[in-house]
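Here's the structure, in structure tokens; my notes come after.
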Amino acid sequence: MSGELIIRAARRGDYDQWLPLWDGYNAFYGRSGPTALAPEITATTWRRFFDAYEPVHALVAESDGRLLGLTHYLFHRSTTAIAPLCYLQDLFTSEAARGKGVGRALINGVYDAARMAGSPRVYWQTHETNVVAQELYDKVAERSGFIVYRKAI
């Protein structure tokens, strides 16, 4: 990363650079090969970023015309707040960008978007084995103490 780091909303023309980052993110969480997301999920996810009726958004980190990272976030209602909460759903940087402030800059970009939307809180989850990311997360947010339960139906 030699040039200025820019955090900005994803553009339709970013797809060819966004896709390898998205694939890398999914592979990190075991979604590759036989367990890969169906192509229609990726296509629908991409389309949602550009649909004004969808609460799903994408930011990318760019330097010298190259995308180095991505984050996706969404706004949703809650029973504990009037304004919508912001859920940071995905965060990923290329291997070459790690440890250079790209992840922190993307998180700060989500914080800025949440502030502009009047959201009182940004939150996210990560896998307990993702200790490298947790080193950053512990510096930019506080652990909630909540444990996530889920069941496929």
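For Arg98, the CZ atom counts as densely surrounded, since its 6.0 Å shell holds more than 12 non-hydrogen atoms of other residues, nucleotides or ligands.
The minimum heavy-atom distance between Leu21 and Leu68, with the atom names listed, is CD2-O, 4.0 Å. Listed here is the closest heavy atom pair of Asp64 and Gly3: OD2-N, 3.1 Å.
Aromatic ring centres of Trp22 and Phe92 lie farther apart than the 6.0 Å criterion allows. Ring centroid separation for the pair His72 and Phe49 comes in under the 6.0 Å cut-off.
Hydrophobic clustering keeps Val60 apart from Ile6 (ILVMFWY residues linked when any side-chain heavy atoms are closer than 4.5 Å, directly or through intermediates). The hydrophobic clustering, which links ILVMFWY residues whose side-chain heavy atoms are closer than 4.5 Å, places Tyr25 and Val132 apart. One hydrophobic cluster, built from ILVMFWY side chains closer than 4.5 Å, holds both Val140 and Val102.
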Inset, instruction - Go through the steps for Leu91 and Leu106 under the test side-chain contact (heavy atoms from CB on, under 4.5 Å), then give the verdict. - result: CA-CA 8 Å; Leu91 177 68; Leu106 285 162; 3.7 Å; yes
Inset, instruction - Give the C-alpha distance, both sets of side-chain angles, the deciding distance and a yes or no for side chain to side chain donor-acceptor pair (under 3.5 Å) between Arg48 and Thr45. - result: CA-CA 5 Å; Arg48 285 178 174 160; Thr45 296; 5.0 Å; no
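Within the 3.5 Å criterion, the main-chain N or O of Pro39 finds no donor-acceptor partner in the side chain of Thr42. Remark: side-chain polar atoms of Gln89 are not paired, donor with acceptor, to backbone N or O of Val56 under 3.5 angstrom. The main-chain N or O of Arg11 is found under 3.5 Å from a side-chain atom of Asp14 such that the two form a donor-acceptor pair. Using modelled atom types, one side-chain atom of Gln134 and one backbone atom of Glu128 make a donor-acceptor pair closer than 3.5 Å.
Taking the six-membered ring where the residue is Trp, Tyr137 and Trp124 present perpendicular rings, their angle passing 60° and hence far from 30°. Using the six-membered ring where Trp is involved, Tyr87 and Tyr123 have ring planes that are tilted, between 30° and 60° apart.
For the pair Arg104/Lys139, a side-chain contact is recorded, criterion being any heavy-atom separation below 4.5 Å from C-beta on. The closest side-chain heavy-atom distance from His127 to Phe28 is not below 4.5 Å.
A salt bridge links Arg115 and Asp112; the closest N-O separation between the charged side-chain nitrogens and carboxylate oxygens is under 4.0 Å.
Counting only N and O atoms by type, the side chains of Thr126 and Tyr29 include a donor and acceptor under 3.5 Å apart.
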